[in-house]
Colleague: 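Structure provided below as structure tokens; questions to follow.
The figures that follow rest on heavy atoms only: side chains count, while hydrogens, waters and symmetry mates do not. As the structure lists them, so they are numbered: ligands from 1, and atoms in each ligand from 1.
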Amino acid sequence: MNDPGRSGPAIDLSTDLCGIPLAGPVLNGSGTFDALAARKAFGDELLNDFPFAGFVSKTITVEPRAGNPPHRLWETPSGMINSIGLPNPGLSAFCERDLGPLTELGVPLIVSVMADSAPGFAELVEAVGGRDGVSGIELNVSCPNVHSGLIVGEQPDEITALLESLRGLTDLPLIVKLTPNVANPELIAAAAEAAGADAVSLINTIKATAIDPDSNRSWLGAGGGGLSGPAVRPVALAQVRAVSAAVSIPVVGMGGVTDGSSALEFILAGARVVAVGTENFRDPRAGQVVRDGLEEALHRRGFSSLAEAQASTLS
Ligand code: RRO
């Protein structure tokens, strides 16, 4: 919705992400906004102005997971560390209970999945890809809080093998969520593109820890976690810029997006769309704030549409 308080012509924010039509370029980061809880709290009011132009689910696994022991969160001066540990109901319960309501949010639904083996990923992709109302699948190969046998997100060869095993299982767009915890994420992105990925999203959280000063222990139950929020934005921008330059598939940029100006930074770094994550914990309407602020920022810069900014290159 265009900001009625701003003078000047409306800015066209519509776009698409590998064929998924979007009314605007602001998604949520997986696991940072519980749309079903919000719908319970706010009812259909939520759907009249849903904060995001597309919704990415919390990552699901084949089996249910309880998640990590407490503490799971640590606030930093400019962000937070999470050690959530991928709690989720598992594939069957997700499909039976959550998937239907998630397809009724009024925006395209992208389901995030993760497994500790290629056959596990295949089971998830086949099950989710066969369901009506799913517009895309995000392959989470980058959670810092789960010890899996797969180091797929850190190795180009492993990404190639995984994508090649999954590509034939669905016609839906496959979006690979990249880890920032490697020296050259553009090599992982290029391998994903070559093996058939339709888009990449980055960054997931940066490995971090917090020490309890009153004991000789980590504050976090699992010992470590992932840092997110404004503190990671410069790292995210550098990685989004490097990855965008290395691939032709679209990039979903995230990492400390809090307002229109920071969203525009990601678009100018080469992201096609952005995602809001940590800021949703502070303000559940952050998606609208970012969208309206981006419209304002585009206007201020003299862009007449989002597409113009997407097409402009950094000098
Ligand atoms: O659930 C988590 O602990 C988690 C996940 Br799946 C992820 O992808 N990134 C993150 O920071 N936390």
Colleague: So do Leu86 and Asn140 actually touch side chain to side chain, heavy atoms under 4.5 Å?
Modeller: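 Answer no - side chains too far apart.
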Colleague: Just which atoms of ligand 1 are under 4.0 Å from any heavy atom in Asn204?
Modeller: 7 (C), 8 (O), 9 (N), 10 (C), 11 (O)
Colleague: Can you check whether Pro180 reaches Asn204 side chain to side chain, under 4.5 Å on heavy atoms?
Modeller: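 A side-chain contact under 4.5 Å exists here.
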Colleague: Within the 4.0 Å heavy-atom shell around Asn140, which atoms of ligand 1 are there?
Modeller: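 Numbered from 1, ligand 1 contributes 6 (Br), 7 (C), 8 (O).
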Colleague: Only heavy atoms of Lys58, strictly under 4.0 Å: list the atoms of ligand 1 that pass.
Modeller: 1 (O), 2 (C), 6 (Br)
Colleague: Distance under 4.0 Å to a non-hydrogen atom of Asn82: what atoms of ligand 1 satisfy this?
Modeller: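 Result: 2 (C), 3 (O), 4 (C), 10 (C), 11 (O), 12 (N).
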Colleague: In terms of side-chain heavy atoms, does Glu138 have a donor or acceptor partner in Ser30 at a distance below 3.5 Å?
Modeller: no
Colleague: Walk me through it: do Lys58 and Asp34 pass the test salt bridge (charged side-chain N to carboxylate O under 4.0 Å, His left out)?
Modeller: CA-CA 8 Å; Lys58 170 72 182 164; Asp34 187 338; over 6 Å; no
Colleague: Say whether Gly226, considering both its backbone and side-chain N or O atoms, lies within less than 3.5 Å of an N or O atom on ligand 1.
Modeller: no
Colleague: Students often mix this up, so state it plainly: with edges at 30° and 60°, are the rings of Phe52 and Phe55 parallel, tilted or perpendicular?
Modeller: tilted
Colleague: Heavy atoms, side chains only, cut-off 4.5 Å: are Val251 and Leu202 in contact?
Modeller: yes
Colleague: Is it the case that Ser112 and Thr59 place a side-chain donor and acceptor less than 3.5 Å from each other?
Modeller: yes
Colleague: Report the C-alpha separation of Leu99 and Val128 in whole Å, then their side-chain angles, then the decisive distance to 0.1 Å, and conclude whether the side chain to side chain contact (heavy atoms under 4.5 Å, CB included) test is met.
Modeller: CA-CA 9 Å; Leu99 185 53; Val128 168; 5.6 Å; no
Colleague: Less than 3.5 Å between some nitrogen or oxygen of Ser142 and one of ligand 1, yes or no?
Modeller: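 No.
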Colleague: Please work out which of Cys143, Gly225, Ala222, Gly31 has its closest non-hydrogen atom nearest to atom 4 (C) of ligand 1.
Modeller: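 Closest candidate by heavy-atom distance is Cys143.
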Colleague: If the cut-off is 4.0 Å to any non-hydrogen atom of Pro144, which atoms of ligand 1 fall inside it?
Modeller: 9 (N), 10 (C), 11 (O)
Colleague: Has ligand 1 got any nitrogen or oxygen that is less than 3.5 angstrom from a nitrogen or oxygen of Thr59?
Modeller: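 N/O-N/O distance under 3.5 Å: no.
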Colleague: Counting each atom of ligand 1 from 1 as listed, which ones have a heavy atom of Gly85 under 4.0 Å away?
Modeller: 1 (O), 2 (C), 3 (O)
Colleague: Classify the contact between Arg65 and ligand 1 as side chain, backbone, both or neither, using a heavy-atom distance cut-off of under 4.0 Å.
Modeller: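 The answer is neither.
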